[in-house]
Structures are given as C-alpha cells and as structure tokens.
Amino acid sequence: MRTAAAGLVTLEMAGRGVRIVGWIHRRRDLGGLVFLDLRDRSGILQASAGPDWSSADAMDAVRGLSVEDVVAVRGVVRPRPDAARNPEMATGDLEIQITELEVLNRARTPAIPVYLPPEEELPSEKLRLRHRVLDLRRHEMQARLALRHRLVLAVRNHFDALGFYEIETPILTKPTPEGARDFLVPSRVHPGEFFALPQSPQIYKQLLMIAGFDRYVQIARCFRDEDMRADRQPEFTQIDVEAAFVQPEDILGWCEGLMEKLAEVAGIEAATPFRRMTYHDAMERFGCDRPDLRYGLEIRDFTTVLGELDSAILRGAVEKGGRIRGLGLEGGARLTRRRIVAVEDAAKAAGAPGLLWAKITENGATGPLGRFFRDDTRTRLGLAPGDLLVAAAGPDRVTSPALDAARAASIAALDLPRTTEHAWLWVTAFPVFEDGGDGTLAANHHPFVQPDPADAHLLDSDPLAVRGLAYDLVYNGTELGSGSIRMHDAALQTRILSMLGLRPEEITAKFGFLLEALRSGAPPHGGIALGVDRLVAQLSGGTSLRDVIAFPKTTTARASFEGAPSPVPAAELAALGISVGGDR
RNA sequence: GGGGCUGUAGCUCAGUUUGGUUAGAGUGCCGGUCUGUCACACCGGAGGCCGCGGGUUCGAGUCCCGUCAGCCCCGCCA
C-alpha cells in the first residue's frame, strides 16, 4: 500500500517513484498548482499537484480534498526549487510530485483542529477528550505516546536482562479490606457476589515470591475508585516489581539502573547513585515526604531563640511541647506585604492557624514577629538585613505541612533559582504505622511492610516510632514509586494485622490465604511499584497525566469519548441479581 | 461530601465590571480568482439555545438561585 513513510522520505530518494499514504494535514490551492501537506505518524511531506506532472484525474481529485481526508499518492520524489525550500520543515528540501492520487476516505470537517496555527491556543481539554482521536493525531500527543512506548520497552528489557519474569496477575480479584475503595464487578454465575478490580497486584506478587519465581515484574493496570486529582486517574499503570532474597539495596540499585536507562531514552539526566534521605529528615528539613530538591531552601528550627521572645503565641506553643520552625528567606524582605500574605495563605490552606513573619532591615526587624525581636535575635538566627523570616509554631504535625506549603509559595514568590533540573531522591525508613485517630493505628503504607529489626523492641511500647524497611522514589517533588521489604513471617504478619485493629476471625477471612502461603516456606522478599503514568508525564516535561494516556478519564471519572460509565438495561441488572436504588 | 475557577460561532477568544437598539474579532467552513506555496494571497458569503432551567426587571450574554459539564484544591487516596 505504501512504499515509504511521509516523514522518512529523503533527498537520496530523488527521482524515485513512491507511494505515500496519509492524512491531508493542510492544503494550499494556488489555482494552477495545489500543495498538500501529507501527514502520517512519521512526519509531514509536501506533495504538489500541477498540470505538467499530474494526471487530469489527480488534478480533479486534489481540488476536492479537505483536511483530514485519507489519501494515497503515487508520484516522484523531487528536490524543491531552491527558492521554494522550507528550512522549518524536516522534509522541506523535497516534495513528491503527484502523478496519481486515490482518495481512501473522506473526513468531515474536524470538530477540533488537528493543525494549530502558531500562537493558537489548544482547544479546551473538554473538547480534546470528547474528540480524542483528533486530539491524538497531533504531533505532541503522538510523540508522548511514542515516548511512553519506548520507556515501557526499556523497562521490560532492563528487568529481562536482570532475570525477571513478567507474570500476569488477575484483574478479577477479591475485594481488599482497606485502602482505597474497590471497583466491584458483579458475578452472573454467583448472583449477589462480586469480584473487585485490583488496587495493585500487591498480594499476588508476594504469592509469586512464595511460589518460587524469585524475580517478578509486571506492567500492571491498577484501579482505585477514589476522587481524582491532577496526578491521579481511577485506572493507572504501575511497573510492579518483586524479588526474593533481597535487601533494600538490591531494589534501589535496580531502580537506579532503570532510571538511568529511562532518562537516557527521555534525554534527561539521572546521575546515580541518587541522594537519600530518611523520612524523618525529609519531614524535618522540608516538611513533607517527597521534597522537591531542585531548590535548596530548607526548614530550620528556631525554637531556642524565638521561644524566649515576649510573645504569648510563641511561648505558649513551646510550653505545650511544640517547636518554632521556619524559613530564612535571603532577600525576602523585598516582598510586599501582599506577597507575604499569599505565602501565609498557602500555609493556612495546609492547616496552619497562621504564619509569623519578620522583615529584617538595617534598623531592626518589622512585622508581626519582627516586633518581638531583641537586639541579638537577628544575629543569633543568622539572618542579614534584607532577609525575611517566616515561622510556624506548634506541634510538628501542624507545622511540617504548613512549612512545606510556605516553602513552595516562597520559592514561587521569590522566583528562587534551581540548583538542578533533575532532583532524584530516595526517601527511606518510613514509619510502619500512622495515627488512625482515637487511639487506633493505621498502616502508613500498606499492612505488609517489614518493620526494621532494629525497632522490633518498640512494637509494643511505641509503635508509631517503628520504622519500616520502606522507600519511596521521588523526582522533582513527585512520588514516582514506593516499595518495601515485606514480612515473610506469618506470626509477625498476624501480629501487625492485629495491631491494625483486625480481629482474629477477620484476619483469617481476609488474609488467611496469604498467611497460609507465608507458612508454607516463604522466602524473604520485597519490591517496589513505580507509576508509569507519572513517570512518563515527568519525563516528557511535566505534562498532565491525561496527556500521556491515550484515553484518560475526566476529573469526575468519566470517559467522555466513549461515554462511560453508562446505565445498563434493567434486564441485564436482573440477570446479575442487582437492583439499583437511590435517586435513579 | 465540600470549596474555587471556567462555559459566548466548528475552534480560540472579546463583550459580563456599571443590565439598554442589530452579540463582535481571528481562524475554520462555503463560493470565486490565482503556477512555487508552506499561517499562501485576494474578493464575497453563510454560521449564535451566549451550557441548561428558573427568578428579578419595562428590558438579562451581563444580576440572583438551581443544575450540568470541564479543570484545580480539601476530604479521600499510596
């Protein structure tokens, strides 16, 4: 059908007869001469029709064409006349002179343009999603999905070379007892019973380790029926990895090697080994567990110096066991009060009652905090005239997120320079538990994380202080992946589940099959799961997740192109033993 | 479940602040002229449920209430 791809025709083919197929990208009708820009996924090639070289039929056909029609063109590759070369275009030095043209299919006028003139805004995302095939024809979208393909291929090659097997795990599975809400799938054979779509293949990959597969990888689709965010989709793809007889170092090393290869594919830097930071340090220095280390700005502890000032707020916070932490912003005093309030608002949105600030001037300090300054306060804080101090007082669980938000807002307000464009980081030693409120414990990550043996003695006395053998991969402030060493001892796993508030019969009902497997000779094992969508979005320049997924869902978890979800006929529901209640 | 922003021609946007005669522009589309264009150029034309429903008013694209959709955020989610 074709002898060459449009974008791959070169001057060396000059004089040769070719057949090119593709879409009409644009058309320029000069009357006697007609130029077609012919597009396929490889690029764009100009085809010219003129009475001296085109058949009469071809001339007629060419005049009736419009954009997005699908055509096959037979013709001869020619260098363009010197004056007609287009240096802006990859194939701008040549064209195909049409001898015959066949219309393979007509297109109605596209609802959204595939070709966008320079400086024309993209159609609204609403329309891009509704008319997805047209949107996907655009070069940017084709390039992103091509990159995604090359990245996933590199993932498979990387793990194959390391001896991993890709093994599929079920999509129809068992509802999970905690974590996100499950998508449920009714069983017709067993009316009233349901499968769940997997939130991740977590338990299956552990079972594969127990089954002796040693090294497993899967490009796995995962489903979570939760409300959306810019960085979340209800169905998403993970690079799911698990291996037996491993230490965290093994997993981290494999992942760093993988990121080197993926960065090379994407044309960015990933210098290994990656920086590492414990969860504790990340919270202390950056107020969050996935700090954006492209910027150097760090949180500091000012409790000693600020705690002795004559401020009821500060003293009260310290007396209640809190601390005073903040950011020393070099040159920040140039910010207007309005900009400072914007930083404070960011902190408030993150849950802080407020932010205290002091502008440092040659003559002392001003602002709600500055007015309490003593003669030596500035120097003891290590601040210089022209600086701005923003501080939050209280318990760490309040001030950390507030200062994380204040840090991001300050970076934006001061337009702070980046110290690197590609900040890779491992955050390690995550706590096993988090406070579930009203005295209960919840799993910080998931209930299978191996507690650090060094903290085993704290399990009863201070469970919240128990660190897990867990690690997150962070890139430019985005969490790309998360993993851990798992418990392979059934007794310890049972103990942890019971600490999480599960009764013995619940443990048996929900995790019995896992515990039984663990008792059958489970090897020590661990792994990680990396988010493919986020990874591709980041590696293609920080675009939206929706731009690296061919057919994504909207913020309200709808598929606007296909029109899903949709109601189903009552008879189908009846066959499943389901009746729909509520307002319907 | 809650909050914010947006919705005007096929598409991108003005017009909404302060209600007032016939809602505009660019592009696309349709017709015409044009043999080296590449955002082709030029001439002419068609194209509107101002998201939808209700209300206020002599009068609503503009004000109010509700609702739908898209995006962003909180809750939720690893």
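Just so we're on the same page: letters track the sequence lines, and every chain starts at 1.
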Here the distance between atom P of B:A78 and atom CG of A:Leu480, to the nearest Å, is 18 Å

Angle class for the A:Tyr475/A:Trp424 ring planes (parallel below 30°, perpendicular above 60°, tilted otherwise)? tilted

Between the CE atom in A:Met277 and the OG1 atom in A:Thr428, the distance rounded to the nearest 0.5 Å is 9.5 Å

* **C1' spacing across the pair B:A9 / B:G24, given as an integer number of angstrom** => 10 Å

**Prompt:** With a 4.0 Å cut-off on heavy atoms, is A:Asp29 in touch with a base, just the backbone sugar-phosphate, or nothing at all?
**Reply:** base

Winner on side-chain proximity to A:Glu226, out of B:C76, B:C38, B:C71, is B:C76

Rounded to whole Å, CZ of A:Arg290 lies from P of B:A78 at a distance of 14 Å

* With a 4.0 Å cut-off on heavy atoms, is A:Glu95 in touch with a base, just the backbone sugar-phosphate, or nothing at all? -> base

Contacts of A:Glu120 meeting salt bridge (charged side-chain N to carboxylate O under 4.0 Å, His left out) (sequence neighbours excluded), chain-then-number -> none

Partner of B:U21 under the Watson-Crick or G-U wobble criteria, both distances under 3.5 Å, comes out as none

task: Write down the distance separating the P atoms in B:G1 and B:U62, rounded off to the nearest Å.
output: 29 Å

Applying side-chain hydrogen bond (donor to acceptor under 3.5 Å, both in side chains) to A:Asp396 and not counting sequence neighbours gives A:Arg323

### Message
Distance alone, cut at 3.5 Å: any donor-acceptor contact between the side chains of A:Gln46 and A:Thr91?
### Response
no

Between the side-chain atoms of A:Arg80 and the base atoms of B:U37, is any donor-acceptor pair under 3.5 Å?
yes

Checklist entry - Is any side-chain nitrogen or oxygen of A:Thr555 closer than 4.0 Å to OP1 or OP2 of B:C71? => result yes

(request) Please check if any side-chain donor atom of A:Arg534 sits under 3.5 Å from a side-chain acceptor atom of A:Gln238, or the reverse. (result) no

I'd like a table of donor-acceptor pairs (distance under 3.5 Å, sequence neighbours excluded) in which one partner is a side-chain atom from residues 105-119 of chain A, with atom names and distances.
from     : atom 1 : to      : atom 2 : distance (Å)
A:Arg106 : NH1    : A:Gly64 : O      : 2.9
A:Arg106 : NH1    : A:Asp69 : OD2    : 3.3

Checklist entry - At under 4.0 Å, does any side-chain N or O of A:Arg546 touch on OP1 or OP2 of B:C72? => result yes

pair_partner(B:A69), Watson-Crick or wobble, both distances < 3.5 Å, evaluates to B:U6

Per the under-4.0 Å heavy-atom filter, residues of residues 341-351 of chain A near RNA chain B come out as none

Of A:Arg130 and A:Pro117, the one whose closest nucleotide on RNA chain B sits nearer the 5' end is A:Pro117

Quiz item: In whole Å, what separates the C1' atom of B:G3 from that of B:G75?
Solution: 11 Å

Answer yes or no: side-chain N or O of A:Arg108 and base N or O of B:C29 forming a donor-acceptor pair under 3.5 Å.
no

Per-nt protein contacts along nucleotides 3-11 of chain B (heavy atom under 4.0 Å; B base, S backbone sugar-phosphate only, - none) come out as -------SB

Hits for side-chain hydrogen bond (donor to acceptor under 3.5 Å, both in side chains) against A:Thr556, two or more places apart or cross-chain, chain-then-number order -> A:Thr554

Atom CG of A:Asp82 and atom P of B:G36 are separated, to the nearest Å, by 16 Å

| query | Taking only side-chain nitrogens and oxygens of A:Gln199, does any of them come within less than 4.0 Å of OP1 or OP2 of B:C77? | reply | no

Check: Under 4.0 angstrom, heavy atoms only, what part of the nucleic acid is A:Gln233 near: base, sugar-phosphate, or nothing?
Finding: nothing

Contacts satisfying salt bridge (Lys or Arg N to Asp or Glu O under 4.0 Å) that involve residues 217-228 of chain A (not counting sequence neighbours) are A:Arg181-A:Glu226, A:Arg221-A:Glu235

query: On a whole-Å scale, what distance lies between the C1' atoms belonging to B:C64 and B:G19?
result: 13 Å

side-chain contact (heavy atoms from CB on, under 4.5 Å) filter on A:Met283, not counting sequence neighbours, yields A:Tyr279, A:Asp289, A:Ser400

Sorted by chain and number, sequence neighbours left out, side-chain contact (heavy atoms from CB on, under 4.5 Å) with A:Leu252 holds for A:Arg276, A:Trp426, A:Tyr471

Would you mind writing out the side-chain donor-acceptor pairs for residues 342-351 of chain A within the sub-3.5 Å range, not counting sequence neighbours?
from     : atom 1 : to       : atom 2 : distance (Å)
A:Glu344 : OE2    : A:Leu355 : N      : 3.1

Review point. Regarding A:Gln538 and A:Thr478, is there a side-chain donor-to-acceptor distance under 3.5 Å anywhere?
Key: yes

Rounded to whole Å, CG of A:Asp225 lies from P of B:G1 at a distance of 12 Å

For B:A78 and A:Ser200 - does any side-chain N or O of the residue sit under 4.0 Å from the phosphate oxygens OP1/OP2? no

Sorted by chain and residue number, the salt bridge (charged side-chain N to carboxylate O under 4.0 Å, His left out) partners of A:Arg397 (sequence neighbours excluded) come out as none

Kindly indicate whether the side chain of A:Arg85 and the base of B:C38 share any N or O donor-acceptor pair separated by less than 3.5 Å?
-> no

query = With a 4.0 Å cut-off on heavy atoms, is A:Arg224 in touch with a base, just the backbone sugar-phosphate, or nothing at all?
reply = sugar-phosphate

To the nearest angstrom, the CZ-P distance between A:Arg181 and B:G1 comes to 10 Å

Whole-angstrom distance between B:U17 and B:C77, as gauged at atom C1'
41 Å

Residues in residues 46-58 of chain A with a heavy atom under 4.0 Å of RNA chain B, by number, are A:Gln46, A:Pro51, A:Trp53

Taken to the nearest whole Å, CG/A:Leu30 to P/B:G32 is 16 Å

Requested in this report: For B:G66 and B:U21, measure between their C1' atoms and round to the nearest Å.
Outcome: 31 Å

Requested in this report: Using the P atom on both, measure B:U22 against B:G26 and round to a whole Å.
Outcome: 23 Å

From CG of A:Leu33 across to C1' of B:U33 the rounded distance in Å is 15 Å

